[in-house]
Amino acid sequence: MSIGYACLIVGLRDVEYKTCRMDNASETRLIELIGHNLLTLEKMIDYNITNQIQMFRITSDLIPFGSSPVNQIDWPIVFKSDFNRIGEKIRSGLIRVSMHPGQYTVLNSLDDSVVDRAIQDLVYHAKILDALNTDPSSKIILHVGGIYGDKPAAIDRFVTTYVRLPDEVKRRLVIENDDRSYTIEDVLAVSKRTGAPVVYDNLHNLLLPSEQEGDDLFWIGEAKKTWKEIDGNQKIHYSQQDPAKQNGSHSQSIQIEKFLPFYQLLDHVDVMLEVKDKNLSAIKCINCTRSDHKIKLLENEWSLYKYNVLERDPSGYQKIRVLLKDKDQYPALDFYRILEKSLAKTPTIGTMINGFQHVFGYFKNQVSESERALFFKKTDGYQTGSETAGSVKKYLEKLALKYQEEYLLKSYYFILN
DNA sequence: TGACGTCAAGATCCG
DNA sequence: CGGATCTTGACGTCA
């Protein structure tokens, strides 16, 4: 019953993937980028270990142009020691990693060259998971593809192509229902013919339900039957709709109150969250479902979020302070409930300035006179409308970097919004 | 031909 | 000059 997140970390400095344009993809540039990206992946794995996050999707952008002829580098060999080292960390951290090619990897296209490139892309994904020495429970999740005006024929083509996939791909390939073409019912039928396990996605099912009626739990039960022992725990995707946006846009954060009743129905299922705030929601959901109840976990979370709360909801700030006073309790749900409510509020000029002043307090005894003057000038400018909140915060961040205020630099104050 | 989705590169604007 | 903001690229399908 692990909970994980996809590809990127929010709120950590200097943990970013790089890429380049095709025109600039020289061998030297690519080697540079791959080396950088592997270090980034390693930092993410380290973060997951520290935070006891045991499920993680590795980005398809790890190797720029990884499945394109533009990239001729034999990267599993060139970077063998890096892959081995990272793979070792993944194993010792008991992290289940996976990958998920995007919507443009289409196995059942009418265009053979598209199909060939899709196969190459799957081989690329398998090569990464193999280079990391992960076992067959590390999956590659794929959608079935397009319809082309004839769904049965399109499904037939998927099955035909599936059969001729190389074994290193087949042993990892998992298929998922999507939100415009293939329902969970369709995907289960494809699984019957291919043997590929099925990932159920709750939001996709909401947007594109099957003809046969069934709730989440029913379809999760059906999907479970497609997972064999060697495939590891059943996996599902879980996300919530962003209420402000259109179609199947993922929400900024997971609403914990909606998630918990869903999660509590599950039995031995690994849950991949698809959400904009990535690791932040993963940690929230983990903290609300774990059995080792240590207040320290919540105190650490509070240290990261507190100025984001303060700048928009001083009364929420006070509520959480009170909530965390009793060190024998573990009020995770209440904590995140207040946190979510506070972060959803729109700051006022007054609450923002209150935040600036609290943060400035960290260096008010070390700054020079001119720095102090500039801070007050910027704050005044913000109050009168000639300066944006962002520029004041940028300046505070500059000070935090100069005076190495770790507490602030680790927090989300400069990073969220 | 543009929208779709996603991210960061690359270009351009601004003080 | 550096920082902020806008546009482009890479992918395939579908209207």
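In the text below, chain A, chain B and the rest are named by the order of the sequence lines, each starting its count at 1. None of the values given here were measured: they were computed from a predicted structure.
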Hey, which of these two, Ser391(A) or Ser68(A), hits DNA chain C nearer its 5' end, going by closest nucleotide?
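Its nucleotide being nearer the 5' end, the pick is Ser391(A).
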Here's a test of your reading of the structure: between Ser181(A) and Lys394(A), which maps to the more 5' nucleotide of DNA chain C?
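Of the two residues, Lys394(A) wins.
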Euclidean distance, atom [atom1] of residue [X] to atom [atom2] of [N] [Å, nearest integer]:
X	N	atom1	atom2	answer
Arg180(A)	dT13(C)	CZ	C1'	6 Å
Asp150(A)	dC14(C)	CG	C1'	16 Å
Leu30(A)	dA10(C)	CG	P	13 Å
Leu110(A)	dC14(C)	CG	C1'	12 Å
Gln103(A)	dA10(C)	CD	P	16 Å
Asp178(A)	dT13(C)	CG	C1'	12 Å
Glu397(A)	dG3(C)	CD	C1'	13 Å
Asp179(A)	dC14(C)	CG	P	13 Å

[X] side chain near [Y] side chain, heavy-atom distance below 4.5 Å:
X	Y	result
Glu340(A)	Glu257(A)	no
Val271(A)	Tyr238(A)	yes
Ile31(A)	Trp75(A)	no

Estimate the overall bend of the helix from dT1(B)-dA15(C) to dG15(B)-dC1(C) from the end axes over five pairs each, rounded to 10 degrees.
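Comparing the axis at each end, I get an angle of 70°.
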Less than 6.0 Å separating the ring centroids of Phe360(A) and Phe356(A)?
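When the ring centroids of Phe360(A) and Phe356(A) are compared, they turn out to be at least 6.0 Å apart.
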Touch check for [X], heavy atoms < 4.0 angstrom, all strands: base, sugar-phosphate only, or nothing?
X	answer
Lys393(A)	nothing
Gly146(A)	sugar-phosphate
Ser109(A)	sugar-phosphate

Mutual orientation of the aromatic rings belonging to Tyr413(A) and Tyr307(A) [parallel < 30°, tilted 30-60°, perpendicular > 60°]:
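Perpendicular, since the angle between the ring planes exceeds 60°.
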Any side-chain to backbone donor/acceptor pair from His250(A) onto Lys276(A)? Under 3.5 Å, distance only.
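Side chain of His250(A) to backbone of Lys276(A), a donor-acceptor pair under 3.5 Å: no, none is there.
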What is the 5' to 3' range of DNA chain B, first to last nucleotide, that sits under 4.0 Å from any heavy atom of chain A?
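In short, chain A contacts DNA chain B from dC4(B) to dG10(B).
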Scan side-chain atoms only and decide if Lys306(A) and Tyr407(A) contain a donor-acceptor pair under the 3.5 Å cut-off.
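Lys306(A) vs Tyr407(A): donor-acceptor pair found between side chains.
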Could you verify whether a donor N or O on one side chain and an acceptor N or O on the other, from Ser98(A) and Arg172(A), lie under 3.5 Å apart?
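Ser98(A) vs Arg172(A): no donor-acceptor pair found between side chains.
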Can you name the one residue among Glu222(A), Gln212(A), Lys225(A) that meets side chain to side chain contact (heavy atoms under 4.5 Å, CB included) with Leu188(A)?
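When side chain to side chain contact (heavy atoms under 4.5 Å, CB included) is applied between Leu188(A) and each of Glu222(A), Gln212(A), Lys225(A), only Glu222(A) qualifies.
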Salt bridge or not for Asp46(A) and Lys43(A), using N-O below 4.0 Å?
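Lys43(A) and Asp46(A): not salt-bridged.
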In a check of side chain to side chain donor-acceptor pair (under 3.5 Å) between Ser391(A) and each of Lys393(A), Lys394(A), Glu387(A), which one passes?
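Checked Lys393(A), Lys394(A), Glu387(A) against Ser391(A); only one passes side chain to side chain donor-acceptor pair (under 3.5 Å): Glu387(A).
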Run the side-chain hydrogen bond (donor to acceptor under 3.5 Å, both in side chains) test on Thr105(A) and Asp121(A) for me, step by step, so that the C-alpha distance in whole Å, both residues' side-chain angles and the decisive distance to 0.1 Å come before the verdict.
CA-CA 7 Å; Thr105(A) 303; Asp121(A) 198 44; 2.7 Å; yes
Listing time: all N or O pairs from protein to nucleotides 5-7 of chain C that are below 3.5 Å?
none

